[in-house]
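One structure is given below, encoded as structure tokens.
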Amino acid sequence: MIIDHPLLGPRDAAEFTVLGDASLIDRPDPAAEDAEARFYDYVYLRDNPAGPHRELWWHEQGDRSWLVVTRDTLTHEVLKVELARDVARERGR
Amino acid sequence: MRVAGGLVDRSKAVSFTFDGRRHAGFAGDTLASALLANGVRLMGRSFKYHRPRGVLTAGSEEPNALVTLRSGARAAPNTRATVAELYEGLEARSQNRMGSLRFDLMAGADLMAPLLGAGFYYKTFMWPAAFWEKLYEPMIRQAAGLGRLSGAADPDVYDKGFLHCDVLVIGAGPAGLAAALAAGRAGARVILADEDFRLGGRLNAETLEVDGGAGADWAAGAVAELEALPNVRVMARTTVYGAYDHGVYGALERVTDHLADGGGKARQVLWRVYSKRAVLAAGALERPIAFPDNDRPGVMLAGAVRAYANRWGVAAGKRVAVFTNNDDGWRAAADLAAKGVGIAAIVDSRDIAPLAAPAGVPVVMGGRVVGTRGRLGLKAIRLAGGAEIAADCLAVSGGWSPSVHLTCHQRGRPKWREEIAAFVPEGAPAGMTVAGAAGGALTLTGALREGLAAGAKAAAELGFTGAPGAAPKAEDEACGVSAFWHVAEGAGRAWLDFQNDVTVKDVKQAHAEGFRSVEHMKRYTTLGMATDQGKTANIPALAVMAEISGKTIAETGTTIFRPPYTPVPIAAFAGRARGRGFRPTRLTPSHDWAVEQGAVFVEAGQWLRAQWFPRPGETTWRESVDREVLAVRSGVGVCDVSTLGKIDVQGRDAAEFLNRVYANGFATLAVGRVRYGLMLREDGMVMDDGTAARLAEDHFVVTTTTANAGPVMRHVEFCRQCLWPSLDVQLISVTDQWAQYAVAGPHSRALLEKLVEADISDAAFPFMACADVTVAGVPGRLFRISFSGELAYEVAVPARYGHAMIRAVMAAGEEFGVTPYGTEALSVMRIEKGHPVAAELNGTTTARDLGFGRMVSEKKDSIGAVMSRREGLTREDGFALVGLKPVDRSQGLNAGAHFLEKGAEATMANDLGWMTSVAHSPSLGHSIGLGFVRRGAGRIGDVVRAYDPVRGRDVEVEISSPHFIDPEGERLRG
């Protein structure tokens, strides 16, 4: 598999480690009333879609960027690659 | 028997042995062609029934002629004789026989055939059950099988490599050569790979002409042109075995397999090929027709018989009969007749003769072969109606199946095309174009035209504008076919899968027993599951299944083709990752010094660490370790701690960042001070621990445990980039950049005062202080931290000074009797002090379990803080880390023992916890342990059992504080 790194261009997936669902960016507010329930969902519950899926990949053997890779789990087609920090900022983090 | 012509070099004789008997061939021969030239038809015994078998094909799809090549540690079992290139002195042995190949003592298995049909092992040998493992299975394994491994380590080197290209052309037959020429002339970077040692594909095996000359000559010219192009890489002996995501292909190059002596080069290279476009020109595979006793040596595919005659100048028989359902079979008769070989008959299953037979050859239209004769080699064939025709070779053609395999590796499912009675590719991987016979264009002109177009298109799509050149001119041969799969009449078994001994009857039985989908039929009968993956068997078998079940072939479908296309040795996948290369170890900067000291080493994470330093006269490890511990506790010792993970944390928000990743607070840590840090996972469990030293307002250096250095780095980078991207903080791993040594013991200060150019008195440099210092003339860092519980320091210098540093410490410490100590002494001392390590931080323990519950700050948020407060993790009856002492102090302890109340039955319900770490404490003179006990904090002084059924131990232990030595920590503050 090849991941088109936004800064470094196409790189082999072997250079990366995958963490999983990009929803991990959305860490709940620890001060919220129902923080414990929200954290429970955040830590343990994941969608497992057949089709496009947003995943976190870490360029461990490269520049150590965390990327959000939108990948079709049925075809392995990589639809979009973004720097995770840009995604996190857009989401108000 | 040799006939005129062919592409072998008759000026170069090559001698070889088969089963110990010496034969001669020529350069350019395969083992199969040379054996046939020497009149050897019997080449192997079948997998299950030990039936005598000869070569069926002339290519990598060969199911029968499997041999063991070479001997000793270099022996390569299950090598197909059809692809083994002849070299001087080649040694080959036949397989799966007991006694000689001609008189295999296991041939009786064939008489047992009625018992050994599809699924026999599910039904027979059932009783008594105990016999299966001890008798039946070993017996079956002994009887059935292919070649055996030598059992010796492979002495050859295998390599891996990476290649990049614009256009990968797979197969160098007419379509592949035309594609490579078009793309190469256009200017694209082209890789042309073919499994054969001579490029040209069927052009070398046929008599068809291209551009007015011999096809083989045109192929040689094309190869010469390609090799002269600087942007083209031509790779013979290279099988593209798999199509992977995003234009990545796997290829195996057999670099020196064809040489008597590899000359020290890698035997094979496993290539990962990155391509922007690929042209699949893999050609087609001829398939047999199933008829009774169609497996005798001498029954061959017609295209193979033709290939042996045209390419290798070998007649597979003196009197050849042809059995065909298509026009192609007729060309075998014509080509052989032209070489002067006698043709016994042409038997065609169709009704109308498509072509003229060679003069004087009898033709039987609407004919069927219903039986054969000849135990070790074909003597005669019998036709429907009873006529018998003498023949020592039967050339069979059931039509051609496009080699769609690589188009299926990414979920492509081939589609049936009735007019050519074959499956063609559908849904090839992105970037792949199929050209020539692989796509169903079964004529030479079709192959050349499609190849050229595919190569030109691929280059053009990538922006290469050079002219692809004109299509070569060729004749268009007849290729009519009418599907005919198996002969129903006649006695005897009709073989479909020769390598796994599967017959038409087995498929019928699978259907009768309900295994009707092709995938079920495959697994029940094992059809297509041998090393050839059923290349000649699959399509006829599913056609038979379709017929039995009354479905069309299109409805029946194919099984899924998966990589690799042909077998790839495990050694090639391993490459150089063998022995020490399998798991390389990292060495610290002063490793050589430790070797000089005679250290015994242990793998810790990826590192080799000194475990202890034996001295003359010490006969057990315990003597060395006890001495090292006592030396530290009473004098001074030095330990290499360079392997601990180190992360440099810098930025305006560095303190805030650490405040969020550590459970305890860091915002208030003063510059020049160190603090122990406890890191949780988001689920509230402890992830790792270490220290964070604040070297400046905006600069920390953080340590991790050795094994967790990688995972912690990943975690903190995740926190920085994904959770808090707005914090001004930068992280970098500096584990390799710093050599670090613990100097521990009452004399440690006196020792370091000789080396450090700074005031390190207790007042100036108290416990948990840190500073940049000059040490032994080198800029370094000093930390007053202690893992041993003694007055101790850790001194860090840039890695390149590590070797000099340890020598400087040893020299300065000579007057104090400084003692190097290893990881065992380190471990004993940390158990004596109750410090948790990996055995306690096992991913299921919480800060509360470890007695660090109060460290998880309530005043701030940090990773894991919310979840650590979950009800289940804060139970009253939760675990607590405690110390354990044997009541009878002379007894030893075992890690892994579980705790039970005295007199309680050993059940899960009565389980009180478990022992995590044990050591012999030389300071206390008895064994001690750490462990988790329910409500442990309230049970100090209680006696429980440490029950260890695995090792047969049951020891009474007293629960104590985990801090066995100096519980108030007076020594380390001294």
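Every chain is numbered from 1 and lettered A, B, ... according to where its sequence line falls, protein lines coming before strand lines.
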*Do B/Leu658 and B/Val729 pass the side-chain contact (heavy atoms from CB on, under 4.5 Å) test, and can you show the C-alpha distance, the side-chain angles, and the key distance before you say yes or no?*
CA-CA 10 Å; B/Leu658 294 182; B/Val729 60; over 6 Å; no
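Shown here is B/Arg652, whose CZ atom has no more than 12 heavy atoms of other residues, nucleotides or ligands within 6.0 Å. Atom CD1 of B/Ile570 has 12 or fewer neighbouring heavy atoms from other residues, nucleotides or ligands inside a 6.0 Å radius. Within 6.0 Å of the CG atom in A/Leu74, the count of heavy atoms belonging to other residues, nucleotides or ligands exceeds 12.
Between the side chain of B/Asp849 and the backbone N or O of B/Gly878 there is no donor-acceptor pair closer than 3.5 Å.
Of the atoms belonging to A/Leu56, it is side-chain heavy atoms, and not backbone ones, that fall under 4.5 Å from chain B. Contact of A/Val78 with chain B is made through backbone and side chain together, with heavy-atom distances under 4.5 Å.
For the set A/Val43, A/Ile2, A/Ile25, the entry with the most heavy-atom pairs within less than 4.5 Å of chain B is A/Ile2.
To the nearest 0.5 Å, atoms CZ (B/Phe666) and CZ (B/Phe700) are separated by 7.5 Å. Between atom CG of residue B/Asp688 and atom OG1 of residue B/Thr705 there is a gap of 3.5 Å, rounded to the nearest 0.5 Å.
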Distance-only donor-acceptor pairs under 3.5 Å across chain B and chain A:
residue, atom, partner, partner atom, Å
B/Asp245, OD1, A/His76, ND1, 3.2
B/Asp245, OD2, A/His76, ND1, 2.7
B/His246, ND1, A/Ile2, N, 2.8
B/His246, ND1, A/Ile2, O, 3.3
B/His246, NE2, A/His76, O, 2.7
B/Arg272, NH1, A/Asp12, OD1, 3.1
B/Arg272, NH1, A/Asp12, OD2, 2.8
B/Tyr274, OH, A/Asp12, OD2, 2.3
B/Glu682, OE1, A/Arg27, NH2, 3.2
B/Glu682, OE2, A/Arg27, NE, 2.5
B/Gln721, OE1, A/Trp66, N, 2.6
B/Gln721, NE2, A/Arg64, O, 2.8
B/Leu723, O, A/Arg93, NE, 2.7
B/Pro725, O, A/Arg85, NH2, 3.1
B/Pro725, O, A/Arg89, NH2, 3.1
B/Asp861, OD2, A/Arg27, NH1, 2.8
B/Ser862, O, A/Arg27, NH2, 3.3
B/Arg870, NH1, A/Tyr44, OH, 3.3
B/Arg870, NH2, A/Tyr44, OH, 3.3

